[in-house]
Amino acid sequence: MSKADRLGAGASFGQTQTISARRAAINANTSAPTEGAPPPVKLSVDLISLNPDNPRSELGDLTDLSASLRDHRQKTAISIMGRFAYLEGNPGREGDLEPDTKYVVIDGNSRLAAAREAGLTEIKVMLDDDLGSNPDEILESALVANIHRHDLDHLDEAKALDQLLKVHGTQKALAARLHRSQGWVAQRLALLTLTPELKQRLQSGEESAALLRRVGNKKVEEQEEHLRLLKEQEAQEAADKKARAEQRAASKRRQQTPTPQAENAPIEELSGTALNAAPSPQHYAVINGSASDETAGSDLPKPREEAGTVVQLPSRDPEALSELIIAELDVPTRRKLTELLVDYKIEETKRMRAEQASAAVKK
């Protein structure tokens, strides 16, 4: 039998049904009628009690919210339960409710407190006595609403999830109940295992929740070091992203800039007779993959400079290679070659740093 069948029509059902004599007596005594009454649109702020089990540990500074309610009015109704329905689900909590109230807020604690601070006398409400029949269901109703609005402090959210985990038994079951992934639940619960110092830095905004969720599953003595490595990795990724953006921009500028035919010619003429047309002071030969300066001495014969002769580049001798490039290439071509080498160096450096960061994280 459903709660509606057992208790009769509450304000949330919006229709007339027979209710129990006990419920009717309490309704009469509390002046909170539910028989056939439609959900109220507005109620006095003094008739609604703040929720003693609100997921938020603190309401915080309500100045901005109060000003918004006063200047722009309330946009979304708060969710409330009748006082009796709340106490039915939370036996023994009578003393925790504000005196002379007839309802209890479930979702909208901050808005109710801010409305009072702003001096408002009424607040829009949505009355629903089916928000929970026990403390865990009531907490779940408040938590789900805050999760959908991304409106909870990170540690308060983790504490509420931990309390619900004790009810549902497993992270998988809790995730299914909240329509979230198990990973989502696990990451948030990980904040509860942070060191007190890291929790304080999270609360102050010094550290991001996204990074600390990846730290909480580490041993206490390893958390600071792991956080440092994650920050370095994050900084490197940001630097790499910036470098890639700059590289793309530079490449785009080069593509958009008309290039004289003369600029490209020397690159294509590095083999053949072009290099021999204006020979450098020294000529080199590549022997077995390494540079040889045997032909550099004044007593040794120079290579023949016949048509079709190819001058071998000193690939293992950077200093000699730079002399050859300076001697043989014009200024625009040297500039373009330099840009290509710098681009390659940037990519090489990024790869090395990424490999180092990956190795450090794995350790």
Side-chain angles (χ1 to χ4, degrees), residues 1-15 17 19-59 74 76-116 122-149 151-152 156 159-161 163-164 166-168 177-178:
M1 182 180 293
S2 68
K3 185 173 179 181
D5 294 331
R6 289 188 289 103
L7 300 180
S12 58
F13 297 109
Q15 55 185 343
Q17 291 182 347
I19 62 173
S20 68
R22 178 171 176 267
R23 184 65 177 270
I26 292 184
N27 286 345
N29 290 331
T30 60
S31 299
T34 60
E35 183 177 1
V41 176
K42 285 187 177 182
L43 281 177
S44 168
V45 294
D46 297 327
L47 292 178
I48 309 167
S49 173
L50 294 173
N51 186 351
D53 293 319
N54 186 53
R56 292 179 183 275
S57 56
E58 296 180 4
L59 289 174
Q74 180 187 0
T76 307
I78 66 174
S79 298
I80 64 174
M81 294 178 69
R83 186 186 184 98
F84 170 72
Y86 179 85
L87 291 174
E88 242 187 356
N90 288 268
R93 301 303 299 275
E94 176 77 29
D96 296 325
L97 299 179
E98 295 177 73
D100 302 323
T101 54
K102 299 178 177 64
Y103 306 92
V104 181
V105 63
I106 303 302
D107 171 34
N109 232 41
S110 296
R111 280 170 286 165
L112 175 60
R116 292 175 176 177
E122 291 183 324
I123 190 169
K124 295 178 183 178
V125 301
M126 180 180 71
L127 179 62
D128 188 351
D129 287 348
D130 283 338
L131 288 172
S133 59
N134 58 60
D136 296 320
E137 289 182 2
I138 293 173
L139 173 64
E140 187 177 74
S141 294
L143 176 62
V144 169
N146 281 279
I147 285 174
H148 287 313
R149 287 200 310 271
D151 205 24
L152 267 185
D156 284 342
K159 291 173 185 176
L161 286 170
Q163 188 172 339
L164 290 174
K166 296 171 184 175
V167 177
H168 294 283
R177 179 67 177 172
L178 298 176

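It should be emphasised that the depicted structure is a prediction, and the values quoted were computed from it without experimental measurement. Excluded from the calculations below are hydrogen atoms, water molecules and symmetry mates; all remaining heavy atoms, backbone and side chain alike, are included.
Counting only heavy atoms from C-beta outward, the side chains of Val104 and Asn90 never approach each other to under 4.5 Å. Looking only at side-chain heavy atoms (C-beta outward), Asp128 and Ile106 stay at 4.5 Å or farther from each other.
In terms of heavy-atom proximity, Gly89 sits nearest to Pro135 at O-CD, 2.9 Å.
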Next item on the list: Would you sort out whether Leu131 and Asp107 count as a side chain to side chain contact (heavy atoms under 4.5 Å, CB included), showing the intermediate values?
Entry: CA-CA 10 Å; Leu131 288 172; Asp107 171 34; over 6 Å; no

Margin query: Walk me through whether Lys102 and Leu43 qualify under side chain to side chain contact (heavy atoms under 4.5 Å, CB included).
Written below: CA-CA 10 Å; Lys102 299 178 177 64; Leu43 281 177; over 6 Å; no

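Rounding to the nearest 0.5 Å places CG of Leu97 at 12.5 Å from CD1 of Ile48. Interatomic distance, CG of Asn109 versus OG of Ser49, reported as 8.5 Å (0.5 Å rounding). Between the OG1 atom of Thr101 and the OH atom of Tyr86 there is a distance of 10.5 Å, given to the nearest 0.5 Å. If you take CZ on Arg93 and CD1 on Ile138, they are separated by 9.5 Å, rounding to the nearest 0.5 Å. In this structure, the separation between CG on Leu47 and OH on Tyr103 is 7.0 Å, given to the nearest 0.5 Å. Note that CZ of Arg83 is 8.0 Å distant from CG of Asp100, once rounded to the nearest 0.5 Å.
Applying the side chain to side chain contact (heavy atoms under 4.5 Å, CB included) criterion to Thr76, with sequence neighbours excluded, gives Arg111. Checked against salt bridge (charged side-chain N to carboxylate O under 4.0 Å, His left out), Glu98 has the following partners two or more places apart in sequence or in another chain: Arg116. Partners of Asp136 under the salt bridge (charged side-chain N to carboxylate O under 4.0 Å, His left out) rule, at least two apart in sequence or in another chain, do not exist in this structure. With sequence neighbours excluded, the residues that form a salt bridge (charged side-chain N to carboxylate O under 4.0 Å, His left out) with Arg177 are Glu140. In terms of the side chain to side chain donor-acceptor pair (under 3.5 Å) criterion, Glu122 has no residue partners (sequence neighbours excluded). Legend: residues meeting salt bridge (charged side-chain N to carboxylate O under 4.0 Å, His left out) with Glu137, ordered by chain and number and at least two apart, are absent.
Checked by atom type and distance alone, the side chain of Asp129 pairs as donor or acceptor with a backbone atom of Gly82 at under 3.5 Å.
In summary, of the residues considered (Val105, Ile80, Leu112), a side-chain contact (heavy atoms from CB on, under 4.5 Å) with Val125 occurs for Ile80 alone.
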